[in-house]
Amino acid sequence: MSIQIYNTLTRKKEPFIPLEEGKVKIYVCGPTVYNYIHIGNARPVIAFDTVRRYFAYKGYDVTYISNFTDVDDKIIQAANELGEEVGELTDRFIDAYFEDILALGCTKADAHPRVTDHIDDIIQFISVLIDKGYAYESEGDVYYRTRKFEGYGKLSHQSIDELRVGARIEESEIKENALDFALWKSAKEGEISWESPWGAGRPGWHIECSVMAREHLGDTIDIHAGGQDLTFPHHENEIAQSEAMTGKMFARYWMHNGYINIENEKMSKSLGNFVLVNDIRKQVDPKVLRFFMLSVHYRHPVNFSQDLVESAANGLDRIQTAYNNLKHRLSTSADLGDQKDIWMHKVDEQITAFEQAMDDDFNTANGIAAIFELVKLANVYLLEKNTQAEVLTYFIETLERLMDVLGISLESETDLLDQDIEALIEERLDARKNRNFARADEIRDELKAKGILLEDTAQGTRWKRG
RNA sequence: GGCGGCAUAGCCAAGCGGUAAGGCACGGGUCUGCAACACCCUUAUCACCGGUUCGAUUCCGGUUGCCGCCUCCA
């Protein structure tokens, strides 16, 4: 079964057919680096990191590119306000970005190109568009001639005539048409700028992605992804630029993730309800944040609230506990029992269910359901008097493998017990043998106060951090 | 005005033509020295009104209510 992808371009789920057998080239629009990222920024990073992981799981050779917009109005403004050089500011927030996304279990892209490293390519690209009649210079700016590109509007399914010219699109004298957008902006006094055939200036927002995607992935890429709000105008404009340039299809599949709301409200600066990843990940286990986001299909909106995150934490805990218990059993039980094939088969069924879910437009909500079924099976298996190492191992490895697709590691945090604690657990075992339950409970409470929870099983006492 | 999305149990969330996955929370039971973990049991006429169909949560039309894009935005 091939992977089905909902393609914004066609508004349909389509079987994924790579340009090149066994390979997939993905470009994800990255952040404008003038601040720490918020959880809304984190959603596409997590969603498409998961897409990337699943492709890899399926054996694809994935090339994954995500850019940094490191020069634009907001950056210049922020730098001015902070009295910092643009380059300093962007370096700082790029570092912060990596810290944040790594904490969230995302892998770095194969390349993170920056706009400021591609100025020459951008200038060249724009020059060709001008030569081809798709762009024109006007008072030091260069604009894209939207009317000239026939397919304009095909991604957002907007008719160019229906687009409302908002109050903020100025019917500028220097543009031929209100919908024309800037490829090159002339520099204002004192602004960071680069020399160009049209004078000192800097790139417009949309051109960078066309240039960098082409540079790193070629004329046509398999998947182009980003937040829903980028569909128009950003991605529409990218298509116009790239296809005018190459005459070839720019991206075959367009994926867009849904929004995040905060406590049922839109996240916005005016409401002051921005949640920065850098803050929240210090309060909530980033694994939980990731698990929470993946519990909803990527195209649907997700509501971020303390209660919902907490309930996700409890769910993830169920998976973690089962995993820990399997490991504990493996290390404490004899290799007995039979019916190996039956159990292995049941595990396989859930692997299939997981893959079917993920094949269906990366339906992580259903994938997680399959993992929970696996957990249920494991818990039932652990009820057996005798277990087989091979079965336990298969459960453990499968859980690791599937959770890894979701970018969540179940490996314990290398925190070994202090000798003191270990001694206490030993002492408690003795106390229980001697039916000195008062002392046993005392020890359990003492450890609980230190965040160590004890669980007595037929195979001995196991513990976990609580 | 144009384009689009969503409405499923207390909460979250899949399903999208054959009478409802999964998780969280709640209640009852089993296991346990007591717990914890776990297991078992219990919980939904799928916003409303029409239509198509042998049959609709699922398709079509309409109504209501939320939401997004059309302007920087993940």
Side-chain angles (χ1 to χ4, degrees), chain A residues 8 11 28-32 37-48 72-74 77 153 156-170 178-179 181 205 225-234 236 256-261 264-269 291-292 295-297 299-303 305 307-319 321-322 324-325 328 353 357 360 363-376 378-383 431-432 435-438 440-441 444-445 448 453-458 461-464 466:
Chain A
T8 306
R11 286 183 175 164
V28 181
C29 287
T32 301
I37 59 166
H38 57 249
I39 56 170
N41 297 308
R43 167 106 110 142
V45 183
I46 290 171
F48 300 119
D72 93 319
D73 292 340
K74 281 171 298 190
Q77 196 190 330
S156 53
H157 304 274
Q158 300 277 344
S159 150
I160 199 164
D161 299 313
E162 300 292 348
L163 286 167
R164 173 186 273 180
V165 177
R168 287 165 72 176
I169 300 184
E170 289 158 45
L179 285 171
F181 56 90
W205 173 37
Q228 220 157 54
D229 51 326
L230 295 182
T231 308
F232 191 93
H234 184 56
E236 198 70 73
H256 293 98
N257 63 274
Y259 263 64
I260 285 187
N261 295 317
N264 287 314
E265 280 186 314
K266 184 181 173 170
M267 186 163 65
S268 76
K269 277 184 178 156
F291 184 73
F292 169 68
S295 68
V296 182
H297 185 93
R299 277 189 284 120
H300 292 181
V302 45
N303 185 36
S305 82
D307 286 353
L308 295 178
V309 169
E310 202 178 302
S311 118
N314 290 339
L316 180 56
D317 208 43
R318 177 174 162 81
I319 298 170
T321 300
N324 295 345
N325 293 353
H328 177 260
D360 182 15
N363 194 327
T364 50
N366 275 342
I368 288 171
I371 289 172
F372 276 117
E373 294 287 359
L374 195 61
V375 162
K376 165 82 94 187
N379 286 335
V380 170
Y381 186 64
L382 288 173
L383 250 30
R432 289 181 69 224
R435 304 191 65 78
N436 181 357
F437 296 122
D441 288 350
R444 185 167 59 192
D445 290 344
K448 190 178 175 188
L453 301 180
L454 300 186
E455 293 169 359
D456 299 323
T457 75
T461 299
R462 61 188 182 216
W463 63 275
K464 64 178 180 184

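The sequence lines fix the lettering, A, B, ..., with proteins before strands; numbering per chain opens at 1.
- Distances shorter than 4.0 Å separate none of the side-chain N or O atoms of A/Arg432 from OP1 or OP2 on B/G33.
- Distance CD (A/Glu455) to P (B/U32): 16 Å, rounded to an integer number of Å.
- The same atom, P, is picked in B/G22 and in B/C59; the two are 23 Å apart, to the nearest Å.
- At a threshold of 4.0 angstrom between heavy atoms, the contacts of A/Leu230 are confined to the sugar-phosphate backbone, with no base atom among them.
- Listed nucleotides: B/C72, B/C39, B/C69. Nearest to the side chain of A/Val380: B/C39.
- Atom P of B/G27 sits at a distance of 37 Å from the matching atom of B/G18, rounded to the whole Å.
- The distance from atom CZ of A/Phe232 to atom P of B/C70 is 8 Å, rounded to the nearest whole Å.
- Nucleotide B/G10 forms a pair with B/C24, judged by Watson-Crick or G-U wobble geometry with both contacts under 3.5 Å.
- Residue A/Thr321 places its side chain closer to B/C37 than to any other of B/C12, B/C37, B/A74.
- Between B/G29 and B/C34, the two P atoms lie 15 Å apart (nearest whole Å).
- Side-chain proximity of A/Thr32 to the nucleotides B/A74, B/C11, B/A38 is greatest for B/A74.
- Across all strands shown, B/G50 pairs with B/C60; the Watson-Crick or G-U wobble distances both stay below 3.5 Å.
- Remark: the backbone N or O of A/Arg318 is not paired with any side-chain donor or acceptor of A/Thr321 at under 3.5 angstrom.
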Enumerate all atom pairs, one protein N or O and one N or O from nucleotides 21-25 of chain B, separated by less than 3.5 Å.
residue : atom : partner  : partner atom : Å
B/C24   : O3'  : A/Asn314 : ND2          : 3.3
B/A25   : OP1  : A/Asn314 : ND2          : 3.3

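- Rounded to the nearest 0.5 Å, atoms OG1 (A/Thr8) and CZ (A/Arg299) are 8.0 Å apart.
- Judged by distance alone, with hydrogens and angles left aside, the side-chain atoms of A/Glu236 form a donor-acceptor pair with the main-chain N or O of A/Gly153 at under 3.5 Å.
- Taken to the nearest 0.5 Å, the OG1 atom of A/Thr461 stands 5.5 Å off from the CZ atom of A/Arg432.
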message: A/Arg444 vs A/Asp441, test: side-chain contact (heavy atoms from CB on, under 4.5 Å). Steps then yes/no.
response: CA-CA 5 Å; A/Arg444 185 167 59 192; A/Asp441 288 350; 3.3 Å; yes
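- Contact of A/Arg444 with B/A35 (side chain to base): a donor-acceptor pair of N or O atoms is detected under 3.5 Å.
- As a whole-Å value, the separation of A/Leu382 CG from B/C40 C1' is 17 Å.
- Here the nucleotide nearest the side chain of A/Phe437, chosen from B/C12, B/G33, B/A74, is B/G33.
- Atom CD1 of A/Ile37 and atom C1' of B/A74 are 10 Å apart (whole Å).
- Listed nucleotides: B/A13, B/C37, B/A74. Nearest to the side chain of A/Lys464: B/C37.
- Closest-nucleotide positions on RNA chain B for A/Arg462 and A/Asn264 were compared, and the one nearer the 5' end corresponds to A/Asn264.
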Open item on the list: Before you tell me yes or no, could you show the steps for A/Asn324 and A/Arg462 under side-chain contact (heavy atoms from CB on, under 4.5 Å), namely the whole-Å CA-CA distance, both residues' side-chain angles and the distance that decides it to 0.1 Å?
Closed with: CA-CA 9 Å; A/Asn324 295 345; A/Arg462 61 188 182 216; over 6 Å; no
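- B/C70 sits 31 Å from B/C16 when the P atoms are compared, rounded to a whole Å.
- The partner of B/G4 is B/C67, by the rule that a Watson-Crick or G-U pair needs both atom distances under 3.5 Å.
- OP1 or OP2 of B/A14 sits under 4.0 Å from a side-chain N or O of A/His300.
- Rounded to whole Å, the separation between the P atoms of B/G55 and B/U71 comes to 47 Å.
- Checking A/His38 against A/Asn41 by side-chain atom types alone, a donor-acceptor pair falls below 3.5 Å.
- Using a 3.5 Å distance cut-off with no hydrogens or angles, the side chains of A/Asn303 and A/Asn264 do pair a donor with an acceptor.
- Closest to the side chain of A/Leu383, out of B/C72, B/C39, B/A74, is B/C39.
- Between A/Lys266 and B/C69, a side-chain N or O to OP1/OP2 separation shorter than 4.0 Å is present.
- For A/Gln228, taking side-chain heavy atoms from C-beta onward, the closest of the listed nucleotides B/G68, B/A74, B/C37 is B/G68.
- Here the separation of B/G15 from B/A20, taken at their C1' atoms, is 8 Å to the nearest Å.
- Base-pair partner of B/C39: B/G29 (Watson-Crick or G-U wobble, both distances under 3.5 Å).
- Here the separation of B/U64 from B/G23, taken at their C1' atoms, is 31 Å to the nearest Å.
- The side chain of A/Asn261 places no N or O atom within less than 4.0 Å of a non-bridging phosphate oxygen (OP1 or OP2) of B/C66.
- Whole-Å rounding puts the A/Asn363 CG to B/G15 C1' distance at 9 Å.
- Between A/Asp441 atom CG and B/A35 atom P there is a gap of 10 Å when expressed in whole angstrom units.
- Atom CG of A/Asn379 and atom C1' of B/A36 are 13 Å apart (whole Å).
- In this structure, A/Thr457 reaches neither bases nor backbone, as no heavy-atom distance under 4.0 Å exists between it and the strands shown.
- Summarising the geometry, the separation between NE2 on A/His297 and C1' on B/A13 is reported as 13 Å, rounded to the nearest angstrom.
- Looking at heavy atoms from C-beta onward, A/Gln228 lies out of side-chain contact with A/Asn257 at the 4.5 angstrom threshold.
- Nearest-nucleotide mapping onto RNA chain B: of A/Phe292 and A/Arg11, the residue sitting toward the 5' end is A/Arg11.
- Nucleic acid contact for A/Ile371: none, since no nucleic acid atom lies under 4.0 Å from a heavy atom of the residue.
- Put simply, the side chain of A/Asp360 never gets that close to the backbone of A/Asn363: no donor and acceptor are under 3.5 Å apart.
- B/G61 and B/C66 are spaced 22 Å apart, taking the P atom of each and rounding to whole Å.
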